[in-house]
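Below is one structure; the comments refer to it alone.
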2 protein chains.
Amino acid sequence: MTSRLEALCMEKGLKMTGQRRVISQVLSEADDHPDVEEVHRRAVQIDPRISIATVYRTMRLLEDAQVIERVDLGDGRARYEEATADHHHHLIDTRTGRIIEFASPELEAMKERIAHELGYKIVGHRLEIYGVPLDDAADGIRDEEERP
Amino acid sequence: MTSRLEALCMEKGLKMTGQRRVISQVLSEADDHPDVEEVHRRAVQIDPRISIATVYRTMRLLEDAQVIERVDLGDGRARYEEATADHHHHLIDTRTGRIIEFASPELEAMKERIAHELGYKIVGHRLEIYGVPLDDAADGIRDEEERP
DNA sequence: TCTGGGATTGCGAACGGTTTTCAGTATGAT
DNA sequence: ATCATACTGAAAACCGTTCGCAATCCCAGA
Ligand SMILES: [Mn+2]
Ligand SMILES: [Mn+2]
Ligand SMILES: [Zn+2]
Ligand SMILES: [Zn+2]
């Protein structure tokens with residue numbers, strides 16, 4: 001069965017190899033923000049003859065083709081998600097690692113306004129929020145030190 | 001002459017070695033966002049017997065002591081600036097690499113509100129804007145592809 | 001369907017930024 | 001000044017990522 005991303009790749013005229021099909025499937029089924037090793041782990045379960053190097057190469061290919069997007073969550077590695085029409089940002093729960101997605105047109109507008117006032121046109125931006133659940137914070141649960 | 005940061009370090013009770021004094025001086029005099037190699041380059045000009053390893057160690061020490069702050073501008077390396085009372089963000093000119101600092105209480109408030117609505121208390125956040133000068137953009141100067 | 005040749009793969013080595021190990025040295029409390 | 005302790009330089013290890021190369025695969029064209 002051909003996955004959503006596989007169809008997209010074919011539209012873009014990318015040569016479809018077995019490895020790319022599997023990686024496309026993995027990414028199509030993912031509803032989180034896996035890093036390269038995680039994608040590889042999932043891919044190998046479908047077809048064991050996929051090397052990590054190929055996953056790296058394919059992620060870059062798909063990113064360049066705008067099929068997926070790279071997400072930088074502040075841990076040292078690149079994470080990815082399917083490219084979507086609607087732009088959003090991430091709130092990372094520093095206690096659990098849970099990632100909450102959010103969008104804010106007001107915030108985007110404000111950012112746009114700020115750049116314009118400085119004499120700039122925005123070509124890209126990055127925003128992540130790190131937080132802890134309000135109730136946990138109220139309970140006074142000790143905050144283990146984490147570099148966000 | 002004892003630099004601003006050196007004084008701060010002594011207040012915090014850090015052992016003051018010759019190397020730390022020099023690095024503190026370099027950072028006190030910097031008005032940009034140097035990476036570790038740049039700090040080392042400047043430090044060596046004051047005292048050639050400072051190793052890059054010590055600069056790495058000292059930057060981390062000063063960061064942990066909240067004397068300096070790490071800035072992630074999206075190029076692969078850590079950049080630093082003196083910790084200041086007033087929080088700010090960075091707009092990076094993707095054509096020249098120039099960095100413009102800005103602050104926006106409204107934006108901070110909005111971010112705070114968003115997190116609160118999601119049930120979270122903010123413990124950290126990151127925001128960078130990448131842009132090109134408005135007039136350059138109007139002139140239609142070709143945008144060389146850069147990964148921001 | 002068969003084929004040729006350029007694209008892709010797996011492997012391991014290389015890379016760039018950063019951390020660590022370890023033996024020698026400097027610091028600062030006494 | 002002494003001495004335990006913390007710090008340093010140099011080199012090796014580390015970690016995520018990219019690269020070089022020979023072997024293999026895909027698929028447009030016959
Ligand atoms: Mn997302
Ligand atoms: Mn700054
Ligand atoms: Zn945005
Ligand atoms: Zn802020």
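The structure presented is a predicted model; accordingly, all values stated were derived computationally and were not measured. Note: hydrogens, waters and symmetry copies are ignored here, and every other heavy atom, side chains too, is used.
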Which other residues end up in the same hydrophobic cluster as V22(A), if Ile, Leu, Val, Met, Phe, Trp and Tyr are linked when side-chain heavy atoms come under 4.5 Å apart? L5(A), L8(A), L14(A), I23(A), V26(A), L27(A), V36(A), V39(A), I46(A), I50(A), I52(A), V55(A), Y56(A), M59(A), L61(A), L62(A), V67(A), I68(A), Y80(A)
With a 4.0 Å cut-off on N to O distance, would you call E82(A) and R4(A) a salt bridge? yes
Would you compute the distance between atom CD of Q25(B) and atom CD of E6(B) and round it to the nearest 0.5 angstrom? 8.5 Å
Identify whether V71(A) and F102(A) are in the same connected component of the hydrophobic contact network (ILVMFWY, side-chain heavy atoms under 4.5 Å). no
Which ones in residues 24-46 of chain A lie close to DNA chain C, meaning a heavy atom under 4.0 Å from one of its atoms? none
Going by side-chain heavy atoms closer than 4.5 Å, which hydrophobic residues are tied to M10(B), directly or by a chain of links? M16(B)
Nucleotide interval of DNA chain C bounded by contacts with chain B (heavy-atom cut-off, under 4.0 Å): dG17(C) to dG28(C)
Sequence neighbours excluded and cut-off under 3.5 Å, please list the side-chain donor-acceptor pairs for residues 113-120 of chain A, or say none.
| residue | atom | partner | partner atom | Å |
| --- | --- | --- | --- | --- |
| R113(A) | NE | E117(A) | OE2 | 3.2 |
| Y120(A) | OH | D93(B) | OD2 | 2.7 |

Indicate yes or no: at least one non-hydrogen side-chain atom of P34(B) is less than 4.5 angstrom from one of R42(B). yes
From L134(A) atom CG to K121(B) atom NZ, the distance as rounded to the nearest 0.5 Å: 9.0 Å
Tell me yes or no: between the side chains of H33(A) and E69(A), is some donor less than 3.5 Å from an acceptor? no
May I ask you to evaluate whether R60(A) reaches the phosphate of dT18(D), defined as a side-chain N or O under 4.0 Å from OP1 or OP2? yes
Residues that T17(A) engages under side-chain hydrogen bond (donor to acceptor under 3.5 Å, both in side chains), provided they are two or more places apart: none
What parts of residues 47-56 of chain A reach DNA chain C, counting only heavy atoms under 4.0 Å away? R49(A), I50(A), S51(A), A53(A), T54(A)
Check this one for me: any side-chain N or O of Q19(A) less than 4.0 Å away from OP1 or OP2 of dC25(D)? no
Between E108(B) and K111(B), does any side-chain N to carboxylate O distance fall below 4.0 Å? yes
Would you list the pairs meeting salt bridge (charged side-chain N to carboxylate O under 4.0 Å, His left out) in which at least one residue belongs to residues 47-59 of chain A, sequence neighbours left out? D47(A)-R49(A)
Considering only nitrogen or oxygen atoms on both sides, find all protein atoms under 3.5 Å from nucleotides 21-23 of chain D and state each distance.
none

Please name all residues satisfying salt bridge (Lys or Arg N to Asp or Glu O under 4.0 Å) with E128(A), sequence neighbours left out, ordered by chain then number. R126(B)
Out of the candidates I100(A), L127(A), I99(A), only one should pair with L91(A) under the side-chain contact (heavy atoms from CB on, under 4.5 Å) rule; please name it. I100(A)
Could you grab the distance from atom CG of D35(A) to atom CZ of R70(A), nearest 0.5 Å is fine? 12.0 Å
Going by distance alone, is a donor N or O of one side chain under 3.5 Å from an acceptor N or O of the other, for H125(B) and H89(A)? no
Residues of residues 3-17 of chain B with a heavy atom under 4.0 Å from any atom of DNA chain C, listed by number, are K15(B), M16(B)
Closest heavy-atom pair and its distance - K12(B), A65(B): NZ-O, 2.9 Å
Overall bend - the helix from dT1(C)-dA30(D) to dT30(C)-dA1(D), comparing terminal axes fitted on five pairs, nearest 10 degrees: 30°
